[in-house]
Amino acid sequence: MSRSAALKRLLADVRADLRDYGQLETALERQFAAACARDAQGLAGAGAVVLELVERLDERRRARRALCATVLGQDAGASVDAVLALLPLAPRMALAEPWQALRERVSRCKALNERNGGLLAAQQESIERVLHGEKDVYVPC
């Protein structure tokens, strides 16, 4: 693949990731709502969507590293930031804006995922207490 073709594919993949991270954010919100409502079916459905999107995004992330290596002509240290540093102003701006938006969306999805995980862990802990009681409420003398 030529450097120019790799750069075009890189930009297309970043835009595709932006779209998919938007869908991931929606799925994570649905997952949270289902967890709050204790809706097992809704939780399972949202979880399946999250898993599918994460797999697709991870596949493109791996491909992005290879595309960056092609653009840079190297294997080590191949990153979008390194590509941006190499580009002239016009193509740099064309990639920098969606790349920054993608980084922000990734951060948002990480925060939502952590929130959801915390809620699910707390719910699981509550269920364990109901089913098995408090383990260290009474300490024998």
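The basis for the numbers below is simple: all heavy atoms, side chains too, and nothing from hydrogens, waters or symmetry mates. This structure is a prediction, so every number in the text was calculated from the model and none was measured.
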Legend entry - Derivation and outcome, side chain to side chain contact (heavy atoms under 4.5 Å, CB included), residues Arg103 and Asp81: CA-CA 11 Å; Arg103 291 172 75 152; Asp81 289 331; 3.2 Å; yes
Legend entry - pair Arg61-Val106: side-chain heavy atoms closer than 4.5 Å: no
Legend entry - Shortest non-hydrogen contact from Gln123 toward Ala35: NE2-O, 2.7 Å
Inset, instruction - For Asp13 and Arg64, indicate whether the former's side chain and the latter's backbone hold a donor-acceptor pair under 3.5 Å. - result: no
Inset, instruction - Report the C-alpha distance between Glu52 and Val49 in whole Å, list the side-chain angles of each, state the deciding distance to 0.1 Å, and finish with yes or no for side chain to side chain contact (heavy atoms under 4.5 Å, CB included). - result: CA-CA 5 Å; Glu52 177 186 329; Val49 171; 5.8 Å; no
Legend entry - Min side-chain heavy-atom separation Leu112-Phe32 under 4.5 Å: no
Inset, instruction - Could you walk me through whether Arg92 and Leu89 pass side chain to side chain contact (heavy atoms under 4.5 Å, CB included), step by step? - result: CA-CA 5 Å; Arg92 182 179 338 129; Leu89 184 60; 3.9 Å; yes
Legend entry - Shortest non-hydrogen contact from Met1 toward Leu67: SD-CD2, 3.6 Å
Inset, instruction - Can you tell me which residue pairs pass the side-chain hydrogen bond (donor to acceptor under 3.5 Å, both in side chains) test with a partner in residues 33-48, sequence neighbours excluded? - result: none
Inset, instruction - Considering non-hydrogen atoms only, spot the tightest contact between Pro98 and Leu11 and give its length. - result: CG-CD1, 3.8 Å
Legend entry - Reported CD-to-SG distance for the pair Glu104 and Cys109, which is rounded to 0.5 angstrom: 12.0 Å
Inset, instruction - Indicate yes or no: at least one non-hydrogen side-chain atom of Thr70 is less than 4.5 angstrom from one of Arg9. - result: no
Inset, instruction - Report yes if the side chains of Leu102 and Val80 come closer than 4.5 Å at any heavy-atom pair, otherwise no. - result: no
Inset, instruction - Might you work through the side chain to side chain contact (heavy atoms under 4.5 Å, CB included) test for Leu7 and Val83, ending with a clear yes or no? - result: CA-CA 9 Å; Leu7 196 53; Val83 169; 3.9 Å; yes
Legend entry - Side-chain ion pair, Lys110 and Glu114, N-O less than 4.0 Å: no
Inset, instruction - Examine Leu10 and Leu18 and state if one hydrophobic cluster contains both, with Ile, Leu, Val, Met, Phe, Trp and Tyr joined whenever side-chain heavy atoms are less than 4.5 Å apart. - result: yes
Legend entry - Heavy-atom side-chain contact between Arg115 and Gln31 under 4.5 Å: no
Legend entry - Residue pair Arg19 / Gln23, side-chain heavy-atom distance below 4.5 Å: yes
